[in-house]
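Start at 1 with the first residue, then count along the sequence. In each ligand, atom 1 is the first atom listed, and ligand 1 is the first ligand listed. Here the structure is a predicted model, which is why all the values come from computation and not from measurement.
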Amino acid sequence: MVDWDRQRSRLTDHLRKRVSDEAVLAAIASVPRHRFVPDDKRRDAYADRPLPIGAGQTISAPHMVAIMAELLDLSAGDRVLEIGTGCGYHAAVTAELVGPENVYSVEYHASLADEARKTLDATGYGDVSVRTGDGKEGWPEHAPYDRTYLTCAAPDFPAPLVDQTRDGGILLAPIGDGQQRLIRAEKRTDGTLDRTDHGGVRFVPLQ
Ligand code: SAH
């Protein structure tokens, strides 16, 4: 029998070197990452590295999920738009912080969206909303969002995502075609973005 809880608490301790937000660390300590990754990758579920999840896509390393959650400054009740559901793990971590009913996630590949929905249901995050579609269009029906983030790299923040984020809200994404930077942007009242650069990153590209 593998002691997943023990592995997860070791991972959480390891992340303390890079992340200080206790709510984020508690979220990482709560979400069973081993249930989101493919069966043959389970034994590596609590290693701090990316893992393949099928359809040529990867789940980000836990430290990247934690850093993104910290940069987004998430509070209970925030309405959040995620682009790139993948296996649903990152959405579950966000759900721990804002409440599952406040998380809206768009996934391009129907097979991944279906699988993510099943896993989220089975792990207690069934109130997260997942839609198959092109994330560049966002999810206008539930806008405005307090926070919007992409788990795939885009040349820049797609305009519909900026439109669907409220004034004073925060967007976060890997930006760039080859070399990517993690960019956090606060939306000003005139609609322009106040950007800060959080270093080089490597994500799969937006389709
Ligand atoms: N957050 C995910 C990581 C997913 S990797 C997790 O925790 O597993 C990035 C995801 O973005 C992939 O699943 C990919 O299919 C998706 N993606 C790529 N382009 C997209 C687009 N245009 N719209 C929505 N999702 C997209």
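Contact annotation for L112 and ligand 1: only side-chain heavy atoms (C-beta onward) come within less than 4.0 Å of the ligand. Of the heavy atoms in V204, only side-chain atoms (C-beta onward) come closer than 4.0 Å to ligand 1. When non-hydrogen atoms are compared, ligand 1 lies under 4.0 Å from the side chain of Q57 (C-beta onward) but not from its backbone.
Here the shortest heavy-atom distance to atom 1 (N) of ligand 1, taken over P62, G84, G86, belongs to G84. Considering only non-hydrogen atoms, atom 7 (O) of ligand 1 lies nearest to H90 out of E137, M68, H90. Proximity annotation for atom 20 (C) of ligand 1: of Y108, Y89, Y149, F203, Y108 comes nearest, heavy atoms only.
Using cut-offs of 30° and 60° for the angle between ring planes, the Y46 and W4 rings count as tilted.
Here is the list of ligand 1 atoms found below 4.0 Å of a heavy atom in H109: 15 (O). Counting atoms of ligand 1 from 1 in the listed order, those under 4.0 Å from a heavy atom of T85 are 1 (N), 2 (C), 6 (C), 8 (O). Atom numbering of ligand 1 starts at 1 in the shown order; those under 4.0 Å from a heavy atom of L206 are 19 (N), 21 (C), 22 (N). Applying the 4.0 Å criterion to heavy atoms of V106 picks out, from ligand 1, the atoms 24 (C), 25 (N).
Ion pairing between D5 and R8 holds under the 4.0 Å rule for side-chain N and carboxylate O. At a threshold of 4.0 Å, the pair R147-E82 does not count as salt-bridged, since none of the basic side-chain nitrogens sits closer than that to a carboxylate oxygen. D114 and R117 are joined by a salt bridge, as a carboxylate oxygen and a charged side-chain nitrogen come within less than 4.0 angstrom of each other. Checked for salt-bridge contact, E186 and R184 meet the test: a charged N lies under 4.0 Å from a carboxylate O. Taking 4.0 Å as the cut-off between side-chain N and carboxylate O, D78 and R166 do not count as a salt-bridged pair.
Nearest non-hydrogen protein atom to atom 23 (N) of ligand 1 is G135 N, 2.7 Å. The protein heavy-atom contact nearest to atom 16 (C) of ligand 1 is E107 OE1, 3.4 Å. If you check which protein heavy atom lies closest to atom 22 (N) of ligand 1, you get D134 OD1, 2.9 Å. If you check which protein heavy atom lies closest to atom 17 (N) of ligand 1, you get C152 SG, 3.7 Å. In this structure, atom 5 (S) of ligand 1 lies nearest to the protein heavy atom T58 O, 2.9 Å. In terms of protein heavy atoms, atom 9 (C) of ligand 1 is closest to T151 O, 3.3 Å. Scanning the protein heavy atoms around atom 19 (N) of ligand 1, the nearest turns out to be Q207 N, 2.8 Å.
Dense packing is recorded around OH of Y125, with more than 12 heavy atoms of other residues, nucleotides or ligands lying under 6.0 Å away. Annotation for R43: atom CZ does not count as buried by contact number, only 12 or fewer foreign heavy atoms lying within 6.0 Å.
The shell of residues lying under 4.0 angstrom from ligand 1, judged by heavy atoms, includes G133. The shortest separation from a heavy atom of V65 to ligand 1 is not under 4.0 Å, leaving the residue out of contact.
The shortest side-chain heavy-atom distance between Y89 and V37 does not fall under the 4.5 Å cut-off.
Residue S60 has no nitrogen or oxygen atom sitting less than 3.5 Å from a nitrogen or oxygen atom of ligand 1, judged on distance alone.
A side chain to side chain contact (heavy atoms under 4.5 Å, CB included) with Y149 is found for one member of T94, L161, L171 and no other, namely T94.
Distance check, rounded to the nearest 0.5 Å: CD1 of I59 to CG of L112 gives 11.0 Å.
Residues L206 and Y108 fall into different hydrophobic clusters, defined by Ile, Leu, Val, Met, Phe, Trp and Tyr side chains chained together at heavy-atom separations under 4.5 Å.
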